[in-house]
Amino acid sequence: MAAGLSHRTGESVMHSNVRCGLALLFLLPVLLLEAAAQDNYEIQVYGSDVVLPRSTMFEIHSNFTVEGSKTVQNGMLPTNHAEHETLEITQGINDWAEVGFYVFSSIQPDGGWQWVGDHIRPRVRVPEKWHWPVGLSLSNEIGYQRAAFSPDTWTWEIRPIVDRKLGPWYLAFNPALDRSFHGPGVNQGVTFSPNVKFSYDFTKKIAGGLEYYGAYGPITGFDPVRDQQQQFVPAIDIDFAPQWEFNFGVGVGTTRSTDHLIVKCIIGRRFSWPHPKPAKLNTP
């Protein structure tokens with residue numbers, strides 16, 4: 001009897017996970033209708049976790065625009081066949097806070113490797129020991145980018161991050177708010193820029209799914225659809241080891257304001273630093 005009950009319980013859990021997964025698939029289009037894209041330097045939907053204290057995460061974001069803008073637009077250099085490289089360094093502070101730093105660069109087809117700008121990003125989260133039903137964190141990213149690569153040179157992003165793991169399924173939602181302090185975007189006020197990700201664990205090491213990035217415009221009135229940014233990125237995550245991060249995807253833009261085809265890759269390595277040993281006192 002106990003074995004039969006255990007078998008039926010296992011089947012019930014499996015069916016429940018499948019139902020949850022199907023529900024997420026049906027709900028995703030609804031979430032996307034409420035969801036704005038990052039630029040082509042850090043194409044990533046963030047999870048709620050933070051880097052642990054006494055640990056540092058080094059990440060390289062490599063994004064190649066296969067098909068993008070081919071002329072100078074609003075003073076910005078073309079993106080077509082440009083390679084964007086971003087170094088992200090994140091230091092854990094405690095079990096609920098971290099600070100990240102970005103160095104953006106661009107390799108132009110005929111203009112060499114150029115520095116683009118820098119951002120700093122403090123982030124806090126709800127501690128795991130609170131046992132909330134969802135992961136929740138808040139990121140603030142502020143910094144500078146050169147006008148040749150971004151019409152808005154000084155910007156601030158507030159990014160709430162909500163995520164949840166349901167069996168083999170993972171869902172993350174980043175409803176970000178952006179504000180420009182220098183450039184044409186100043187007149188827009190606060191813009192709405194969330195991102196969405198869902199993925200499925202095919203094995204213990206490999207997960208695949210879909211990421212979405214959009215840019216809808218001011219919260220007081222969204223831009224026409226043709227002027228918004230809409231990008232869908234089928235992506236894969238591979239867990240080579242606990243200290244490594246690997247994400248690869250191909251993004252397809254669906255509006256005239258979005259680069260039409262981008263290949264992105266994130267490679268990260270986490271380093272932990274040992275606790276210092278207490279000094280020994282020499283007694284006479």
Side-chain angles (χ1 to χ4, degrees), residues 36-45 59-89 100-121 141-157 159 176 178-193 195 211-218 223-233 235 247-267:
Q38 300 169 328
D39 53 33
N40 296 337
Y41 294 92
E42 41 167 329
I43 306 175
Q44 182 178 14
V45 181
E59 295 173 272
I60 295 292
H61 300 250
S62 301
N63 305 315
F64 179 72
T65 304
V66 180
E67 185 178 354
S69 62
K70 298 178 175 64
T71 60
V72 176
Q73 299 178 358
N74 298 322
M76 290 178 55
L77 295 174
T79 61
N80 195 59
H81 292 174
E83 174 77 20
H84 290 170
E85 295 289 337
T86 297
L87 170 64
E88 178 183 357
I89 304 174
F101 181 74
Y102 300 88
V103 180
F104 304 127
S105 64
S106 178
I107 305 173
Q108 297 293 312
D110 56 358
W113 198 337
Q114 301 186 50
W115 171 74
V116 174
D118 301 316
H119 282 188
I120 190 169
R121 175 190 54 77
E141 184 175 329
I142 189 168
Y144 170 82
Q145 289 180 258
R146 292 168 57 197
F149 300 94
S150 173
D152 296 298
T153 53
W154 285 97
T155 57
W156 178 23
E157 175 194 84
R159 179 183 295 261
D178 299 297
R179 182 72 166 89
S180 171
F181 293 104
H182 188 273
V186 171
N187 296 328
Q188 288 189 311
V190 179
T191 59
F192 188 49
S193 307
N195 311 318
E211 300 173 5
Y212 169 84
Y213 304 89
Y216 279 20
D223 294 331
V225 173
R226 65 181 180 274
D227 295 329
Q228 297 176 8
Q229 293 185 33
Q230 307 278 348
Q231 187 179 73
F232 295 86
V233 185
N247 171 271
F248 178 85
V250 178
V252 178
T254 59
T255 68
R256 70 178 187 180
S257 299
T258 313
D259 287 334
H260 296 309
L261 187 62
I262 291 179
V263 178
K264 69 137 181 172
C265 182
I266 303 172
I267 299 177

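Throughout, residue positions are numbered sequentially from 1 according to the sequence presented. Quantities reported herein were computed from a predicted structural model and do not represent experimental measurements.
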Please check if the side chain of Asp259 supplies one atom and the backbone of Gly68 the other of a donor-acceptor pair under 3.5 Å.
no

Please confirm whether the backbone N or O of Val116 pairs with a side-chain atom of Ser105, one donor and one acceptor, at under 3.5 Å?
no

Closest heavy-atom pair, Arg226 versus Ser257, reported as atoms and distance to 0.1 Å, is O-OG, 3.1 Å

Any Gln108 side-chain heavy atom under 4.5 Å of Thr79 side chain:
no

Report yes or no: does Thr153 contribute a side-chain atom to a donor-acceptor pair with the main-chain N or O of Gln145 at less than 3.5 Å?
no

Minimum-distance pair of heavy atoms, taken over all atoms of Ile60 and Glu85:
CG2-OE1, 3.5 Å

Could you go through Glu67 and Thr65, starting from their C-alpha distance and side-chain angles, then the distance that decides it, and tell me whether this counts as side-chain hydrogen bond (donor to acceptor under 3.5 Å, both in side chains)?
CA-CA 6 Å; Glu67 185 178 354; Thr65 304; over 6 Å; no

With a 4.5 Å heavy-atom cut-off, do His81 and Phe64 have their side chains touching?
yes

Nearest 0.5 Å please: distance from the OG atom of Ser69 over to the NE2 atom of His260.
9.5 Å

Verify, without hydrogens or angle tests, whether Arg179 (side chain) and Thr191 (backbone) share a donor-acceptor contact under 3.5 angstrom.
no

Would the distance check show the side chain of Asn63 and the main-chain N or O of Asn40 forming a donor-acceptor pair, the cut-off being under 3.5 Å?
yes

Heavy-atom closest pair (Ser180 atom, Gly185 atom, distance to 0.1 Å) is CB-C, 3.7 Å

If I compare all heavy atoms of Ile43 with all of Lys264, which pair ends up nearest, and what's the gap?
O-NZ, 2.9 Å

Pair Gln228, Tyr216: side-chain N/O donor-acceptor within cut-off below 3.5 Å
no

Can you find a pair of side-chain heavy atoms, one from Val72 and one from Pro78, that are under 4.5 Å apart?
yes

Just so I know, are the side chains of Leu77 and Phe149 near enough to count as touching, which here means a heavy-atom distance under 4.5 Å?
yes

Please test Tyr144 against Asp118 for side-chain contact (heavy atoms from CB on, under 4.5 Å), starting from the C-alpha separation and ending with a verdict.
CA-CA 6 Å; Tyr144 170 82; Asp118 301 316; over 6 Å; no

The test is side-chain contact (heavy atoms from CB on, under 4.5 Å); show your working for Ile142 and Ile120 and say whether it passes.
CA-CA 6 Å; Ile142 189 168; Ile120 190 169; 3.8 Å; yes

Give me the atom names and distance for the closest heavy-atom approach of Tyr41 to Thr86.
O-OG1, 2.8 Å

Grab the two heavy atoms, one from Pro151 and one from Pro184, that are nearest each other, plus how far apart they are.
O-CD, 3.4 Å

Salt bridge or not between Glu157 and Arg121? Use side-chain N to carboxylate O under 4.0 Å.
no

Point-to-point distance, once rounded to the nearest 0.5 Å, from OG of Ser62 to NE2 of His84:
11.5 Å

Is there a side-chain contact between Phe248 and Ile266, using heavy atoms and a 4.5 Å cut-off?
no

Do Leu261 and Val252 come close enough that some side-chain heavy atom pair is under 4.5 Å?
yes

Between Gln44 and Glu42, is there a side-chain donor-acceptor contact under 3.5 Å, judged purely by atom types and distance?
no

Flag the pair Ile89 / Tyr102 as yes when at least one side-chain heavy-atom distance between them is below 4.5 Å, and no otherwise.
no

